[in-house]
2 protein chains.
Amino acid sequence: MVSEKTIARLSLYRRLLEELAAQDTDSLYSHQLAKMTGKTAAQVRRDIMSTGYSGTPQRGYDVRDLIASIDGFIDAPDGQAAALIGVGNLGRALLAYFTSRRPKLRIVASFDSDEQKVDRVIHGVRCHQMDDLLDVIEEHGVTVGIITVPASDAPKVADQLFKVGIRGILNFAPVPLKAPPHVYLENVDMTASLETVAYYAGKKPRGR
Amino acid sequence: MVSEKTIARLSLYRRLLEELAAQDTDSLYSHQLAKMTGKTAAQVRRDIMSTGYSGTPQRGYDVRDLIASIDGFIDAPDGQAAALIGVGNLGRALLAYFTSRRPKLRIVASFDSDEQKVDRVIHGVRCHQMDDLLDVIEEHGVTVGIITVPASDAPKVADQLFKVGIRGILNFAPVPLKAPPHVYLENVDMTASLETVAYYAGKKPRGR
DNA sequence: TAGATTGTTAATCGATTAACAATC
DNA sequence: TAGATTGTTAATCGATTAACAATC
């Protein structure tokens, strides 16, 4: 009903709106949000519309009300818990970044095969051994898994996550994973992103 | 002429093909590559076609020839150099990951505002102070910048990169940046990706 | 009110998929 | 050869953009 791109944009709008709210901005127009995000005003309006919130021609959108509407649309009512598998450089970066950022979506546990890391608290999150996956997932009600292990381990880790009933997976390993139909999976391919940028950097000013 | 999605897929194909080549696989069909990547066979064929390489109905595609064709299509003839700005957790993850992976696209320098990091070699790459940006960029012929600084610093860093004539930017800071027309810029929004996964994880099995 | 902005539909755009004659 | 696969065009699909009456 709503595309994943729309969700991603709403997530972005919310982040920017929260900054505006912190600076006591009360309301704004679609074209202002469009300018901040690089989208068109029409798209901003359509995205906002899909959350069920309405602005007025006179004031545009109320910042706090709009944030609340996006919250209600994106966040699961009772919140969601995520687990991160693979506490390497990238894993630590994500743990540090998401720590206490969004109460309705928290990374509550991490996992690593390195015994040196197990039972330590890294960036505020306890690291467990993979054998405890099911127990920890059930204890915390984890529904989302974040894969930050090397490519060679990723398919096995994904299978383990499927088995314990995870509902969504964000995969940072540079190998595309496939998920059963009841699991939503997104592959984030940073390698491909860098090569794409390099390609256009080499082609400019020809390319678009 | 060729979309950025096509470039990203070609980058992925190449990575998988290199693995196959290492395992002495000589040739493969479009549907095999399609299965590995989760794409359709028609799309694989079209992507390969755009590199100018042709297979044969009998053998499909020669693995090594196809790699060479993708190389010739994506890589700049004389290679390209990248610089990474912000040697935090994420920066180190990227440095470690891209080290000596692709001779035609190397991260040759890093930058950080933390004096403790300056002049140290981190994951094989020397860290410089931002004041030396222009000198280092020119010395190494850097055309691509990777931004891994906090959101608050990102716009300023981007401006500095524009000023020294960088051609492409990969931005990991969770704030959308805008580039002048002669610079290709890609925003990688990991926050939005996680929230998107969480959204569908909460909606499943309704959502697509 | 006057006029800029909204919600929303219709038109456009571009990418993906299906299809099939040509091929080895 | 026979037949599966290729290159490539046409059809489909979905998302973005343009447009405008309704609105405050």
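Because the structure is a prediction, the values reported are computed rather than measured. Every chain is numbered from 1 and lettered A, B, ... according to where its sequence line falls, protein lines coming before strand lines.
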Select base, sugar-phosphate, or nothing to describe what A:S54 touches, counting heavy atoms under 4.0 Å on all strands.
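Since only primed, P, OP1 and OP2 atoms lie under 4.0 Å of A:S54, the category is sugar-phosphate.
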5' priority, DNA chain C, between B:Q43 and A:Y61 [closest heavy atom]:
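That would be A:Y61.
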Want to settle it: does A:A42 or A:P57 sit nearer the 5' end of DNA chain C, counting the closest nucleotide to each?
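This one resolves to A:P57.
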Under-4.0 Å salt bridge between B:D132 and B:R126:
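No, B:D132 and B:R126 are not salt-bridged.
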Map B:H31 and A:R46 onto DNA chain D by nearest heavy atom, then report which one ends up closer to the 5' terminus.
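Final value for this comparison: B:H31.
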Should we count NZ of B:K178 as having more than 12 external heavy atoms under 6.0 Å?
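Yes, NZ of B:K178 has more than 12 neighbouring heavy atoms, counting only those of other groups under 6.0 Å.
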Counting only heavy atoms not in A:R102, do more than 12 sit closer than 6.0 Å to its CZ atom?
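Enclosed: over 12 neighbouring heavy atoms sit under 6.0 Å from CZ of A:R102.
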Going 5' to 3' along DNA chain C, which nucleotides are the first and last within contact of chain A (any atom under 4.0 Å from a heavy atom)?
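Both ends considered, the range comes out as C:dA4 to C:dT8.
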If you write DNA chain D from 5' to 3' in dot-bracket form, with Watson-Crick or G-U pairs under 3.5 Å, [ ] for crossing pairs and | for pairs with another strand, what do you get?
..||||||||||||||||||||||
Provide the closest heavy-atom pair for B:A192 versus A:S11 in the form atom of the first, atom of the second, distance.
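Answer, listing the atom of B:A192 first, then A:S11: CA-OG, 3.4 Å.
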Both conditions, 6.0 Å and 45 degrees, for the charged tip of B:R101 above the ring of B:Y97: are they met here?
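Yes, B:R101 lies over the aromatic ring of B:Y97.
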Residues two or more places apart in sequence or in another chain: which of them pass side-chain hydrogen bond (donor to acceptor under 3.5 Å, both in side chains) with B:R15?
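Only A:D189 meet the side-chain hydrogen bond (donor to acceptor under 3.5 Å, both in side chains) criterion with B:R15.
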To the nearest 0.5 Å, tell me how far A:L170 CG sits from A:Y184 OH.
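Rounded to the nearest 0.5 Å, the CG-OH separation comes out at 9.0 Å.
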Between A:E4 and B:T196, is a side chain to side chain donor-acceptor pair (under 3.5 Å) present by the stated rule, with each step listed?
CA-CA 6 Å; A:E4 53 199 272; B:T196 303; over 6 Å; no
